[in-house]
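Below is one structure, written out as structure tokens; the observations come after it.
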Amino acid sequence: MGLFAIFATIMANDNKLQNIIGHCKEYGFVFQSSEIYDGLSAVYDYGQYGVELKKNIREYWWKSMTQMHENIVGIDAAIFMHPTVWKASGHVDNFSDPMIDNKDSQKRYRVDHLIEGFAETLAKEDGDAILQQMDQLLAASDFAGLKQLIEDRKISCGVSGTCNWTDVRQFNLMFSTEIGSVAEEANVIYLRPETAQGIFVNFLNVQKSGRMKIPFGIAQTGKAFRNEIVARGFIFRMREFEQMEMQFFVRPGTQKEWYEYWKETRMKWHLSLCISPDKYRFHDHVKLAHYADAACDIEYDFPMGFKEVEGVHSRTDFDLKNHQQFSGKKLTYFDTDINQHYIPYVVETSIGLDRTVMMILSEAYEEENLSTEEKQDSRVVLRFPPMLAPIKLAVLPLTKKDGLPEIARELIDQCKPHFKCFYEEKDSIGKRYRRQDAIGTPFCITIDHQTKEDQTVTIRYRDSMTQERIPLAGVKDMVMDKIKMF
Ligand code: GAP
């Protein structure tokens, strides 16, 4: 690809991201947190449609894990945990990123992001070479080498434009606060940076109370907090976000097989979202986290390029062994099949819910030109898989009179215990269809005068925009069939 073509692609993708962000605000999906106070960087609120979309994705993940796997159960652990948990997990000592500050602008960068951003401006071969060099330096924790690389390639700060850099240093990403009143002895505690530790410390509670036999899994969804230094990319990188994690406990020595099993199973889950395989790739970690003996990311082709949406990690017995050591409580399992006590090994799947929302939005968002020779026309449509759409069915009486709203209301009453519906009688039918396209409603039903005569309605399909007449009595079952998760 020539330089001009590369530049045009970057601009188009950047525009797409900006358009998605604007659309999310305009249609009540995602708002900047505390916007009336000029916002809080890398913190976002979900609006009326965003919250439904997020809930549906969470539910699909939850059912895929806990309902479709008989040997996986869920828990909901507290955000606050005993401070020693984070010592045992290694987060106090190791949960940090190499950072560098520009002395002129005072702006702080994550070193890998600074180099990745620079690599994107280069031709593919040169970009790949610099990323490979960066990976090797990161794997060796060679901070002097990373600084040298930044200086040699004259990578400059986006704000000051200079290459006047500090040394590369490590910054811990955990937020801390205090528990207990000032009068009592206050203890520093952390906001959890991952949900996984709530699962590890409950491993034996669940195993014993649920009479679980290895291999088995524990799943959890919930908030996690990280003091991310680079706050960009919309809901891709947030300081407060939600994770959907599952820890799968296995017999030592079998972790490699289970790691492969979960890589494949999670990729199948992604493909079940009607996203084409060429939008995904695996990225094996070169620098392994302090707890892993194998790890990879599932990356999706976001508007800003391929980025991690999920991690699959073979975490060995690192966490349980350390919790056993720090707590002084035995965390072994007795395997009756082989008559042995051992600390299980763990394979983890960890996916960001907000990142998945962003993936689904990126995939669904389309600006469609509908112009014909006679008429200029266009629409923005969100082509969500019906099971994930915030609103499943819009019911639109053609007019506000002649008993049509009453029929529409009756249909809504019949459907709303089963799925989320939307009623609207204002504006032309065309405008109402466009508004439903913009929030991704897969089916619109129009009630007209013919409905009164023959009990049929017009159904309009979001994706094809085609319309047909179907019996009023069959609407609920038809929608229920189309939004089935399994
Ligand atoms: N328990 C393992 C763990 O937390 P991770 O790769 O650090 O692993 C897992 O995080 C997932 O959480 C990522 O793949 C990503 O989807 C999501 N995630 C991590 N940091 C995030 C952030 N700052 N904002 C949004 N999502 C984030």
Side-chain angles (χ1 to χ4, degrees), residues 30 33 40-46 50 54 57-58 61 77 79 81 85-86 88-91 94-97 110 112-113 171-175 190-201 217-248 259 262-263 266-267 269-270 280-300 302 304 306-316 318-320 346-362:
V30 181
S33 158
L40 185 63
S41 165
V43 186
Y44 290 90
D45 299 337
Y46 284 87
K54 191 175 169 195
I57 295 172
R58 190 193 297 110
W61 181 88
I79 287 172
M81 301 183 76
V85 166
W86 305 111
S89 68
H91 283 83
N94 294 312
F95 193 56
S96 47
D97 280 329
R110 247 177 79 171
D112 56 339
H113 290 172
F171 283 86
N172 197 293
L173 300 182
M174 280 196 294
F175 284 103
Y190 298 100
L191 296 187
R192 66 181 179 197
E194 62 170 12
T195 61
Q197 296 305 322
I199 295 179
F200 289 122
V201 300
I218 305 178
Q220 170 167 226
T221 69
K223 287 274 174 120
F225 304 84
R226 295 183 188 178
N227 196 1
E228 298 284 1
I229 303 301
V230 182
R232 61 181 149 81
F234 191 40
I235 54 173
F236 181 82
R237 191 174 306 285
M238 300 157 88
R239 295 201 164 106
E240 175 182 340
F241 58 100
E242 196 166 333
Q243 288 187 316
M244 306 189 287
E245 298 200 299
M246 193 279 301
Q247 312 297 320
F248 200 70
Y259 173 66
W262 281 110
K263 268 177 79 172
R266 291 306 301 150
M267 185 55 95
W269 184 87
H270 281 272
Y280 285 111
R281 70 181 187 196
F282 284 111
H283 170 79
D284 291 323
H285 288 200
V286 179
K287 180 175 166 51
L288 292 172
H290 56 276
Y291 49 73
D293 72 357
C296 69
D297 298 333
I298 295 176
E299 295 186 338
Y300 167 77
F302 286 98
M304 61 282 189
F306 274 100
K307 303 265 179 214
E308 169 187 355
V309 64
E310 172 158 13
V312 182
H313 311 128
S314 174
R315 286 182 83 127
T316 66
F318 176 91
D319 302 87
L320 289 179
V346 172
V347 175
E348 164 186 74
T349 70
S350 175
I351 179 167
L353 177 52
D354 310 271
R355 247 177 230 191
T356 312
V357 170
M358 182 153 164
M359 175 177 81
I360 296 292
L361 280 166
S362 309

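Computation of the quantities below employed the complete heavy-atom set of this structure, encompassing side-chain atoms and omitting hydrogens, waters and symmetry-equivalent molecules. Atoms within a ligand are numbered from 1 in the order they appear, just like the ligands themselves. Not measured: the values here are computed from a predicted model. Sequence positions, counted from 1, serve as the residue numbers for this chain.
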Legend entry - Tyr259-Asp293 side chain donor-acceptor pair, cut-off 3.5 Å: no
Inset, instruction - Give yes if a backbone or side-chain nitrogen or oxygen of Asp354 is under 3.5 Å from a nitrogen or oxygen of ligand 1, and no if not. - result: no
Inset, instruction - Considering only NZ, NE, NH1 and NH2 on the basic side and carboxylate oxygens on the acidic side, decide whether Arg315 and Glu245 come within less than 4.0 Å. - result: no
Legend entry - Side chain, backbone, both or neither: Glu245 near ligand 1, heavy atoms under 4.0 Å: side chain
Inset, instruction - For the residue pair Leu353 and Trp61, establish whether any side-chain heavy-atom pair is separated by less than 4.5 Å. - result: no
Inset, instruction - Name the closest protein heavy atom to atom 14 (O) of ligand 1, giving the residue it belongs to and the distance to 0.1 Å. - result: Glu308 OE2, 2.6 Å
Inset, instruction - Decide whether the shortest distance between a heavy atom of Gln197 and an atom of ligand 1 is less than 4.0 Å. - result: no
Inset, instruction - Classify the ring geometry between Phe302 and Tyr300 as parallel (under 30°), tilted (30 to 60°) or perpendicular (over 60°). - result: perpendicular
Legend entry - Numbered atoms and elements of ligand 1 in range of Arg315, under 4.0 angstrom, heavy atoms: 1 (N), 2 (C)
Inset, instruction - List the closest protein heavy-atom neighbour of atom 25 (C) of ligand 1: residue, atom name, distance to the nearest 0.1 Å. - result: Phe236 O, 3.2 Å
Inset, instruction - Carefully, step by step, assess Glu348 and Gln247 under the rule side-chain hydrogen bond (donor to acceptor under 3.5 Å, both in side chains). - result: CA-CA 5 Å; Glu348 164 186 74; Gln247 312 297 320; 2.9 Å; yes
Inset, instruction - May I ask whether Glu242 has any heavy atom positioned less than 4.0 angstrom from an atom of ligand 1? - result: no
Legend entry - Closest protein heavy atom to atom 9 (C) of ligand 1, given as residue, atom name and distance to 0.1 Å: Ser350 OG, 2.9 Å
Inset, instruction - Could you go through the side chain to side chain contact (heavy atoms under 4.5 Å, CB included) check for Val357 and Tyr46 one step at a time? - result: CA-CA 11 Å; Val357 170; Tyr46 284 87; 4.1 Å; yes
Legend entry - Identity and distance of the protein heavy atom lying nearest atom 17 (C) of ligand 1: Gly352 CA, 3.6 Å
Legend entry - Residue Glu348 vicinity, atoms of ligand 1 by number, heavy atom under 4.0 Å: 1 (N), 2 (C)
Inset, instruction - May I ask you to identify the nearest protein heavy atom to atom 8 (O) of ligand 1, giving residue, atom name and distance to one decimal place in Å? - result: His313 CE1, 3.6 Å
Inset, instruction - Have a look at Asp297 and tell me which of His283, Lys307, His285 forms a side-chain hydrogen bond (donor to acceptor under 3.5 Å, both in side chains) with it. - result: His285
Legend entry - Under-4.0 Å heavy-atom contact with ligand 1, by part of Met359 that carries it: neither
Legend entry - Identified side-chain contact (heavy atoms from CB on, under 4.5 Å) partner of Ile351 from the options Glu308, His270, Glu242: His270
Inset, instruction - Would you check, one step at a time, whether the test side chain to side chain contact (heavy atoms under 4.5 Å, CB included) holds for Arg226 with Met238? - result: CA-CA 8 Å; Arg226 295 183 188 178; Met238 300 157 88; over 6 Å; no
Legend entry - Sub-4.0 Å atoms of ligand 1 with respect to non-hydrogen atoms of Glu310: 14 (O)
Legend entry - Heteroatom proximity flag, Phe241 to ligand 1, N/O under 3.5 Å: no
Legend entry - Donor on one side chain, acceptor on other, Gln197 and His91, under 3.5 Å: no
Inset, instruction - Ignoring hydrogens, just give me the one of Glu194, Arg226, Arg355 whose non-hydrogen atom is nearest atom 7 (O) of ligand 1. - result: Arg226
Inset, instruction - Note the single closest protein heavy atom to atom 10 (O) of ligand 1, along with its residue, its atom name and the distance in Å. - result: Gln243 NE2, 3.4 Å
Inset, instruction - Verify the ring-centre separation between Phe236 and Phe234: is it less than 6.0 angstrom? - result: no
Legend entry - Heteroatom proximity flag, Met238 to ligand 1, N/O under 3.5 Å: yes
Legend entry - side chain to side chain contact (heavy atoms under 4.5 Å, CB included) evaluation trace for Glu310 with Thr356: CA-CA 9 Å; Glu310 172 158 13; Thr356 312; over 6 Å; no
Inset, instruction - Measure Arg237 to ligand 1 on non-hydrogen atoms and call it side chain, backbone, both or neither using the 4.0 Å cut-off. - result: both
Legend entry - Side chain, backbone, both or neither: the part of Val309 lying under 4.0 Å from ligand 1 by heavy atom: backbone
